[in-house]
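Take a look at the structure below.
If you read the sequence from its start, that first residue is 1, and numbering goes on from there.
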Amino acid sequence: VGVQWPWPWQARGWGGEWSGLTELSASLWRVHAVAGGRENFTQLGLVPMLRYRFSGASPWFVEGGIGVSVTDKRFVSREKTFGSDWNFSDNLALGRSFGARRQHEVSLRLQHTSNAGIKKPNPGMNLVMLRYTAAF
């Protein structure tokens, strides 16, 4: 779950419209625990995103951004161990707006989380997400 704040900035270029937003999100990761069973990790993320809307009026957009994330404890599972609670969150998405005011969006997002080699080990985590957002 999350919230987005659109920026007041917009620009035209490359045949389309550029804009930005900031996302604050919380997610739950459920993994295979080292000792068996399952373990949960809560991740908080803060990511500024740049968005490009094709031809300005198109319902289609691409967006990307790099921000920070933190987990409630150091991520350790049977498959991976992170060296830090703090990581970077790299995001890239393709989406489509719909509704009378473009108040709904569906997007396919790729997210890579890692600490950029600042602390070892740094296996990284790649996620593919289908996202729905609604403006209020």
So, does Q103 use its side chain to make a donor-acceptor pair with the main chain of R101 at under 3.5 Å?
yes
How would you list all residue pairs meeting side chain to side chain donor-acceptor pair (under 3.5 Å) that involve residues 12-22, not counting sequence neighbours?
W7-T22
I want to check something: taking the side chain as every heavy atom from C-beta on, are V70 and N87 in contact at a cut-off of under 4.5 Å?
no
Does a donor on one side chain and an acceptor on the other come within less than 3.5 Å for S69 and Q43?
yes
Which residues share a salt bridge (Lys or Arg N to Asp or Glu O under 4.0 Å) with R53, sequence neighbours left out:
none
Side-chain touch H112/F88, heavy atoms, less than 4.5 angstrom
no
Let's go through S89 and N91 carefully: what are the C-alpha distance in whole Å and the side-chain angles of both, what is the deciding distance for side chain to side chain donor-acceptor pair (under 3.5 Å) to 0.1 Å, and is it a yes or a no?
CA-CA 6 Å; S89 178; N91 299 268; 3.1 Å; yes
Considering only heavy atoms from C-beta outward, does the side chain of E105 approach that of R96 to under 4.5 Å?
no
T42 side chain reached by W29 side chain, heavy atoms, under 4.5 Å:
no
Heavy-atom side-chain contact between K80 and F75 under 4.5 Å
yes
Do E23 and R109 meet the salt-bridge criterion of a basic N to acidic O distance under 4.0 Å?
yes
Let me see the working for E39 and R78 under salt bridge (Lys or Arg N to Asp or Glu O under 4.0 Å), right down to the final yes or no.
CA-CA 10 Å; E39 186 166 4; R78 280 190 274 183; over 6 Å; no
Is there a donor in the side chain of T133 and an acceptor in the side chain of Q4, or the other way round, less than 3.5 Å apart?
no
Should the pair K73 and F41 be classed as cation-pi, given the thresholds of under 6.0 Å to the six-membered ring centre and 45° from the axis?
yes
